[in-house]
Amino acid sequence: MARCVLFCPRFPAMITRFTQLYIGLLVAIPCLATNGTMTKNLKVLVSSNDYPPTALKILEDHFTVLQSRYLNFGQEGSTLGREEILKLIPGCSALVWISNLPITNEILDAAGAQLKIVSTVSAGYNHCNPEELRARGIQLTNTPNVLSPAVAEVAVGLILSASRRFTENLDQVRRGEWEIGFDKVLGQDLRDSTVGIIGLGGIGQAVVKRLSGFDVARFIYSGHREKPEAKALRAEFVSQDTLLEQSDFIVAAVPLTNETKLMINKETLGKMKPNAVFVNVGRGDLVDQDALYDALKNKQIYAAGLDVTTPEPLPKDHKLLTLPNLFVLPHIGSATVRTRREMAELAANNIVNGLTGKPLLSPVKL
């Protein structure tokens, strides 16, 4: 019987198959450990108590997750939240930053040298201390694109609200004193207008797409270079001065950088048309708010709509809020259920990839 087995024609193939399975198992075991048990030794800190459960589960499936008990926004974030983060972050390999507050050197020092990646749940990252992250060799990711549709919708809302004088009209309703007459509280038309987009990135492109049904005569945009997507959008690349001088509606949709800080100032406001409506869905510090106040009060431009301000929240007695030709929202650009969930999940998956050796999904170039 032993001789039968030894000289069986299928025996060499069986040995080869067994060897392949054995080698495959040896290879697979370390991989399974790396993707499962071993990554559980890595700690990830979620900086706020309002992180969506679906995103939290993505992290918990791979790592040991620590989460602040406090909201990482406003007064709570700058006091109780900050102390909680400083207590939890030592030994963490990754930080999910859910906040409009800055990541300080104190937080990075407390984290220690093993902190490898910061994933901010936002498109903007100026509050993430990018220069210090670069100096320490810490990777940074953000959540662009997923929020573009929602922010663009708010931009369109601000265009309509400012141009149709919603601030004044809502005040009439609240006072119960409506201005009656054929020529009362007249606004500006989007129809046959020129709309200028400062920064034709994801948000800017989404704004143009949403305005395409309003019979806009011309879309123009400014930036560092022409965008290949512009042709399909019928958007024309122009200098910033040309955009300011020719646009009836101007939308600022650029990130805050050293170059863009206070780009809307006394000089640039002075180049706008008297009927111009200015909208900002980027960052508050893109605008010199004192200069904007003067331009609106003196009717140098027609109106403005802001989703972002400096500071946030804007104090209720701020002089901007005394203007009838200004419509302000409390930074709600990405505030939809779907968008915030997708932002959080992208941030979580960036952490997973960053700590398991896979390419980052949306890295920030530092």
Side-chain angles (χ1 to χ4, degrees), residues 122-124 142-167 169-170 187-223 226-238 240 243-244 246-256 260 264 272-273 275-284 286-287 301-309 326-343 346 362:
S122 61
N142 64 343
T143 58
N145 301 325
V146 294
L147 51 72
S148 295
V151 176
E153 289 167 6
V154 166
V156 173
L158 287 169
I159 288 172
L160 296 173
S161 301
S163 65
R164 297 300 299 271
R165 300 169 68 168
F166 277 18
T167 299
N169 285 300
L170 285 170
Q188 299 289 334
D189 281 294
L190 261 168
R191 179 183 49 170
D192 295 328
S193 68
T194 295
V195 175
I197 309 291
I198 303 176
L200 196 70
I203 293 172
Q205 291 171 35
V207 171
V208 172
K209 290 176 183 177
R210 280 152 182 77
L211 289 178
S212 61
F214 284 85
D215 296 327
V216 171
R218 185 181 178 216
F219 290 107
I220 59 178
Y221 71 99
S222 62
E226 292 191 55
K227 295 291 184 74
E229 301 88 350
K231 185 175 181 181
L233 297 172
R234 298 189 302 110
E236 176 189 351
F237 181 65
V238 298
Q240 184 165 299
L243 184 146
L244 296 172
Q246 297 184 5
S247 296
D248 301 299
F249 298 88
I250 297 170
V251 179
V254 291
L256 179 63
T260 62
I264 303 302
M272 296 182 189
K273 298 164 70 171
N275 68 304
V277 174
F278 169 72
V279 164
N280 185 13
V281 290
R283 283 291 184 268
L286 298 176
V287 179
I301 65 172
Y302 186 80
L306 307 177
D307 185 43
V308 286
T309 60
L326 176 70
F327 191 84
V328 182
L329 293 173
H331 202 155
I332 61 165
S334 65
T336 71
V337 174
R338 174 181 173 177
T339 299
R340 290 286 170 85
R341 185 186 70 245
E342 289 178 348
M343 291 169 66
L346 174 56
S362 52

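The model shown is predicted, which means the values in this text are computed figures rather than measured ones.
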Exam field: side chain Ser193 to backbone Val195, donor-acceptor pair closer than 3.5 Å
no
Is the backbone N or O of Thr336 less than 3.5 Å from a side-chain atom of Thr339, with the two atoms forming a donor-acceptor pair by type?
no
Taking Ala206's backbone N and O only, do any of them form a donor-acceptor pair with Ser148's side chain (distance below 3.5 Å, no angle check)?
no
Between the side chain of Tyr221 and the main-chain N/O of Lys227, is any donor-acceptor distance below 3.5 Å?
yes
So which of Phe249, Phe278, Phe327 actually passes side-chain contact (heavy atoms from CB on, under 4.5 Å) with Ile159?
Phe249
If you round to the nearest 0.5 Å, how far is CD of Gln205 from CG of Asn145?
9.0 Å
Could you tell me whether the side chain of Asp307 and the main chain of His331 form a donor-acceptor pair under 3.5 Å?
yes
Do Glu236 and Phe219 have side-chain heavy atoms sitting under 4.5 Å apart?
no
Atom CG in Leu243, atom CD1 in Ile220: separation rounded to 0.5 Å?
4.0 Å
Say whether, by atom type as modelled, one donor and one acceptor occur between the side chain of Arg340 and the main chain of Ser334 under 3.5 angstrom.
yes
Which pair of heavy atoms, one from Leu329 and one from Leu158, lies closest together, and at what distance?
CD1-CD2, 3.8 Å
Is the number of heavy atoms from other residues, nucleotides or ligands under 6.0 Å of Arg165 CZ greater than 12?
yes
Minimum-distance pair of heavy atoms, taken over all atoms of Gly124 and Arg283:
CA-NH2, 3.4 Å
If every non-hydrogen atom of Ala253 is compared with every non-hydrogen atom of Ile203, which pair is closest and at what distance?
CB-CG2, 4.0 Å
Are any non-hydrogen side-chain atoms of Arg338 and Met343 less than 4.5 angstrom apart?
no
Examine the side chains of Arg218 and Gln246 and answer whether a donor and an acceptor come within less than 3.5 Å of each other.
yes
Side-chain contact test, heavy atoms from C-beta onward, threshold under 4.5 Å: evaluate it for Leu190 versus Leu160 and give yes or no.
yes
Are any side-chain N or O atoms of Ser247 and backbone N or O atoms of Ile250, one a donor and one an acceptor, separated by less than 3.5 Å?
no
In Å, rounded to the nearest 0.5 Å, how long is the span from CG of Leu233 to OG of Ser212?
8.5 Å
Closest non-hydrogen atoms of Ile198 and Val254, given as atom of the first, atom of the second and distance, are O-CG1, 3.1 Å
Flag, side chain of Asp215 to backbone of Arg191, donor-acceptor distance under 3.5 Å
no
So how far is it from Glu153 CD to Leu147 CG, rounded to the nearest 0.5 Å?
11.5 Å
Residue pair Val146 / Thr143: nearest heavy atoms and the distance that separates them
CG2-O, 3.8 Å
Output for pair (Ser163 OG, Gln188 CD), nearest 0.5 Å, gives 7.5 Å
Please check: side-chain N/O of Lys273 versus main-chain N/O of Asp248, any donor-acceptor pairing under 3.5 Å?
no
Is there a donor-acceptor pair under 3.5 Å between the side chain of Asn280 and the backbone N or O of Leu306?
no
Mind listing the closest non-hydrogen atom pair of Leu326 and Gly305 along with its distance?
CD1-N, 4.5 Å
